[in-house]
Engineer: 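Dumping the structure here so I can ask a few things about it.
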Amino acid sequence: MLDIRWLRTHRDEAIDRLSRRFTDTSQAQELIDRILTLDEQRRHLQQEVDALRARQNTLSRRLGELRRSGNAQQAEALLTELQQLKTTLREKEKALEAVQADWHNALATIPNCPHESVPPGTDESANQVIETWGSLPEPPVRLPHWEIAQKHGLIHFRWGAKLAGSGFYVLTGWGARLQRALIQFFLDEAVRTGYVEVSPPHLVNADTGFGTGQLPDKDRQMYYIEEDELYLIPTAEVPVTNLFRECILQEEDLPIRMVSYTPCYRREAGSWGQLTRGLNRVHQFDKVEIVHIVHPDESYAELERMCTYVHGLLEKLELPHRRVLLCGGELGFASAKTYDMEVYAVGQDRWLEVSSISNFEAFQARRMNLRVRTGKHYYHPHTLNGSALALARLMAALIENNYTPEGIRLPSVLHPYVGQEILPFEIPLPAWTQN
RNA sequence: GGAGGGGUGGCAGAGUGGACGAAUGCGGUGGACUUGAAAUCCAUUGGUCCGCGAUGAGCGGGCUCGCGGGUUCGAAUCCCGCCCCCUCCGCCA
């Protein structure tokens, strides 16, 4: 949620920054001018209603006094006046209520203003590759992970489809073992770095979905359980950030740095095709997420620190990767600035997004009503989060880049976690796994 | 799922239709006393929206006693629905 008071005095700046998300300024201008108009109306009606209520309060109190002093005649006259006042008040209140609803709805559906360093643009082509690490392997054979994994019993795609439908998969044998090792490795790294580990519910209510900005924006992208009015989390960001919804923190509580492993559930409505084969786009994947809450002056330095941390993980995994600055149109609804970390997957000859690191500034804190107290004053802290890291695609890259006829070679950092230096192919799974 | 009890300010805890934004205690802040501290005394102490004011201090008004609706001139208080917590029963990893 943007700050309405800031919008009142910074209309042009807001339009300028918001325009980075669109093809031209007109869309941003419409959004901003609509909320400013509604805000005018709202404040005007509020004043009228407040005045009527003040009068009602005064007269009601007087009526009580008259009754007590036994002045029945004057009391009757006052009662008639108050009954009329009540009618007009109800009409005004209704009008105010309607405008307030529009006002809230309009404000809640405006995306965050991109930071000034965010390039304008509406699609991938406007993204900027900031930095690339590692050299791209050039193996004699390039195989996509779904072929390798299927043939050698790491992943069973048909089973996934059978159990839940397309876009689901079942890990088997060494595939399942690799995933478990990666989760453990990422959590250990984070805890060693000083993060506090959090393991939250995978189902959340609508207030929680609203707090981080998934609702109402991403309504159709989340799985919804109607009977209990609960959403399956699309990322740990949602429950972990919302731990602080409706909270007042002390300044010494900051910075808060949390890490959380959860599965992520995403409907991915409308996505299909060659680019979504195998593990590239699935309805459920595992992810270790880091969530930070920091002082507003610190948030952009913190964003860089998070990127450095994620880069460190990828380096330990010996994967070629690059950092991409997203353009305005590619930003998520709540984000002011986002870097993606992409890993090169040689079998597909493609860069796969394995981490998305964002600064939401005060956008989420405002939605959640999260504040920090300093003496008599309050401010909204900045929230950030990033994947560290997302597993399905990372496994895809590990499998493709480290494929040998004997098995999948593992980076040394994973050896203790897997108990192997290689995911060997010569130990076959039982025949029934081919069902 | 069933039965019962409960949800009031930072905390504890009164309040069952009007003088209640809310007694009292604790805590916090400022001050007096003191070399300093403790004790004591005095004052002050929630959030939010709107207006005036300089985006400050301050002043005025509205809303806020789990949440939403209703009754009433007037609701913390009465009625209805929902949520959460506790106890017992049932079910269950």
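Order of the sequence lines fixes the chain letters, A, B, ..., with proteins taken first and strands second; residue numbering starts at 1 for each chain.
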Engineer: Using Watson-Crick or G-U wobble geometry with both distances below 3.5 Å, tell me the partner of B:U16, or none.
Structural biologist: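 Partner of B:U16: none.
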Engineer: What is the base-pairing partner of B:A37, counting Watson-Crick and G-U wobble geometry with both distances under 3.5 Å?
Structural biologist: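 Because no pair has both required distances under 3.5 Å, B:A37 counts as unpaired.
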Engineer: Given the C1' atoms of B:U34 and B:G51, what is the spacing between them in whole Å?
Structural biologist: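 One C1' to the other, the span is 47 Å.
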Engineer: OP1 or OP2 of B:C49 less than 4.0 angstrom from a side-chain nitrogen or oxygen of A:Arg5, does that happen here?
Structural biologist: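 So the side-chain polar atoms of A:Arg5 do come within 4.0 Å of the phosphate oxygens OP1 or OP2 of B:C49, strictly under.
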Engineer: In whole angstrom, what separates A:Gln46's CD from B:U64's C1'?
Structural biologist: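 Going from CD in A:Gln46 over to C1' in B:U64 covers 13 Å.
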Engineer: Name the residue closer to the 5' end of RNA chain B, choosing between A:Gly64 and A:Arg8 according to the nucleotide with the nearest heavy atom.
Structural biologist: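 Closest to the 5' end, via its nearest nucleotide, is A:Gly64.
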Engineer: Counting only N and O atoms by type, is there a donor-acceptor contact under 3.5 Å from the side chain of A:Asn112 to the main-chain atoms of A:Phe360?
Structural biologist: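 At least one qualifying donor-acceptor pair exists.
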Engineer: Expressed as a whole number of angstroms, how long is the span from A:Leu89:CG to B:U72:C1'?
Structural biologist: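 Atom-to-atom, A:Leu89 to B:U72, this comes out as 14 Å.
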Engineer: Exactly one of A:Arg62, A:Lys86, A:Arg55 should register a salt bridge (Lys or Arg N to Asp or Glu O under 4.0 Å) with A:Glu81. Which one does?
Structural biologist: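 One option only clears the test, and that one is A:Arg55.
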Engineer: Considering every strand and a 4.0 Å limit on heavy-atom distances, what is the contact class for A:Arg67: base, sugar-phosphate, or nothing?
Structural biologist: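 Here A:Arg67 touches the bases of the nucleic acid.
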Engineer: Around atom CD of A:Glu252, are there more than 12 heavy atoms of other residues, nucleotides or ligands at under 6.0 Å?
Structural biologist: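 Above 12, so yes.
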Engineer: In whole Å, what separates the C1' atom of B:U77 from that of B:G15?
Structural biologist: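 Rounded to whole Å, the distance is 8 Å.
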Engineer: How far does the P atom of B:A75 sit from the matching atom of B:C67, given to the nearest Å?
Structural biologist: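 Roughly 16 Å separates the two P atoms.
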Engineer: The side chain of A:Tyr378 lies closest to which of these nucleotides: B:C63, B:C50, B:U48?
Structural biologist: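 Of the candidates, B:U48 comes closest.
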Engineer: In the structure shown, which nucleotide is the Watson-Crick or G-U wobble counterpart of B:G1, with both distances under 3.5 Å?
Structural biologist: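 Pairing partner: B:C89.
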Engineer: Using atom C1' of each nucleotide, how far apart are B:G2 and B:G9 to the nearest Å?
Structural biologist: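 Pairwise C1' distance, B:G2 against B:G9, rounds to 36 Å.
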Engineer: A:His104 NE2 to B:U48 C1': how many Å, rounded?
Structural biologist: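 Rounding to the nearest Å, NE2 of A:His104 and C1' of B:U48 are 14 Å apart.
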Engineer: Name the residue closer to the 5' end of RNA chain B, choosing between A:Leu63 and A:Arg373 according to the nucleotide with the nearest heavy atom.
Structural biologist: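 First, find each residue's nearest nucleotide; the 5'-ward one identifies A:Arg373.
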Engineer: For a quick check, tell me whether the side chain of A:Asp50 and the base of B:G62 share a donor-acceptor pair closer than 3.5 Å.
Structural biologist: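 Answer no: no donor N or O sits under 3.5 Å from an acceptor.
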Engineer: Rounding to the closest angstrom, what is the interatomic distance between B:A39 and B:G28 at atom P?
Structural biologist: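 Straight-line distance between the two P atoms is 10 Å.
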Engineer: Quick one: is A:Gln56 getting a side-chain N or O under 4.0 Å of the B:C73 phosphate, OP1 or OP2?
Structural biologist: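 Negative; the distance criterion is not met.
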Engineer: Is there a side-chain polar atom (N or O) of A:Arg61 under 4.0 Å from OP1 or OP2 of B:G74?
Structural biologist: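 False: A:Arg61 side-chain N/O out of range (4.0 Å or more) of B:G74 OP1/OP2.
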Engineer: Starting from P on B:G18, measure out to CG on A:Leu82 and report it in whole angstrom.
Structural biologist: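 A:Leu82 atom CG is separated from B:G18 atom P by 17 Å.
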Engineer: Using a cut-off of strictly less than 4.0 Å, decide whether A:Arg371 has a side-chain nitrogen or oxygen near OP1 or OP2 of B:U48.
Structural biologist: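 For B:U48, OP1/OP2 do have a side-chain N/O of A:Arg371 under 4.0 Å.
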Engineer: Mind calculating the distance between CZ (A:Arg366) and P (B:U48) to the nearest angstrom?
Structural biologist: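 Rounded to the whole Å, the gap is 14 Å.
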Engineer: Could you give the CG-to-C1' distance, from A:Leu52 to B:G51, as a whole number of Å?
Structural biologist: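 The answer, rounded to whole Å, is 15 Å.
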Engineer: Can you tell me if A:Asn57 touches the phosphate of B:C63, counting only side-chain N or O atoms and a distance under 4.0 Å to OP1 or OP2?
Structural biologist: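 Answer is yes, contact under 4.0 Å.
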Engineer: What distance, rounded to whole Å, do you find between the two P atoms, one in B:A23 and one in B:G6?
Structural biologist: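 So the two P atoms sit 23 Å from each other.
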Engineer: Between atom CG in A:Asp253 and atom C1' in B:G10, what is the gap in whole Å?
Structural biologist: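 It is 14 Å, rounded to the nearest whole Å.
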Engineer: Determine whether A:Phe185 and A:Tyr417 satisfy the following criterion, ring pair (Phe, Tyr, Trp, His ring centres under 6.0 Å), listing intermediate values before the conclusion.
Structural biologist: CA-CA 7 Å; A:Phe185 167 64; A:Tyr417 287 98; 5.8 Å; yes
Engineer: For A:Arg90 and B:G62, what is the distance between atoms CZ and P respectively, to the nearest whole Å?
Structural biologist: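 My rounded result for the distance is 18 Å.
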Engineer: Can you figure out which of B:G62, B:G51, B:C49 approaches the side chain of A:Gln47 most closely?
Structural biologist: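 Within the option list, the nearest is B:G51.
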Engineer: Tell me whether A:Arg257 forms a cation-pi arrangement with A:Tyr195, defined as NZ or CZ under 6.0 Å from the six-membered ring centre and within 45 degrees of its axis.
Structural biologist: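 Relative to the ring axis of A:Tyr195, which defines the angle, A:Arg257 lies outside at least one limit.
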Engineer: Check every atom of B:G51, B:G74, B:G62 against the side chain of A:Ser60 and return the nucleotide holding the closest atom.
Structural biologist: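 Of the candidates, B:G74 comes closest.
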Engineer: Just say parallel, tilted or perpendicular for the rings of A:Phe210 and A:His104, cut-offs at 30° and 60°.
Structural biologist: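 A:Phe210 vs A:His104 ring planes: parallel.
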Engineer: Roughly how many Å apart are B:G30 and B:A37, using the P atom of each and rounding to a whole number?
Structural biologist: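 Taking atom P in both B:A37 and B:G30, they lie 12 Å apart.
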Engineer: Please give the nucleotide sitting opposite B:C59 as a Watson-Crick or G-U wobble pair, both distances under 3.5 Å, or none.
Structural biologist: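 The base-pairing partner of B:C59, which may sit in any strand shown, is B:G51.
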Engineer: Can you find a side chain N or O atom of A:Arg43 that sits less than 4.0 Å from OP1 or OP2 on B:G51?
Structural biologist: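 For B:G51, OP1/OP2 do have a side-chain N/O of A:Arg43 under 4.0 Å.
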Engineer: Please name the nucleotide paired to B:U44 by Watson-Crick or G-U wobble geometry with both distances under 3.5 Å, or report none.
Structural biologist: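 B:U44 is paired with B:G28.
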Engineer: With rounding to whole Å, what would you report as the distance between B:C91 and B:A76 at their P atoms?
Structural biologist: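 Comparing P positions in B:C91 and B:A76 gives a spacing of 44 Å.
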Engineer: Can A:Ser117 and A:Lys337 be counted as having a side-chain donor-acceptor contact under 3.5 angstrom?
Structural biologist: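 A:Ser117 vs A:Lys337: donor-acceptor pair found between side chains.
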Engineer: Using the rule given for side-chain contact (heavy atoms from CB on, under 4.5 Å), can you reason through A:Ile225 versus A:Leu203, listing the C-alpha separation, both sets of side-chain angles and the distance that settles it, and then say yes or no?
Structural biologist: CA-CA 9 Å; A:Ile225 295 161; A:Leu203 291 143; 3.4 Å; yes
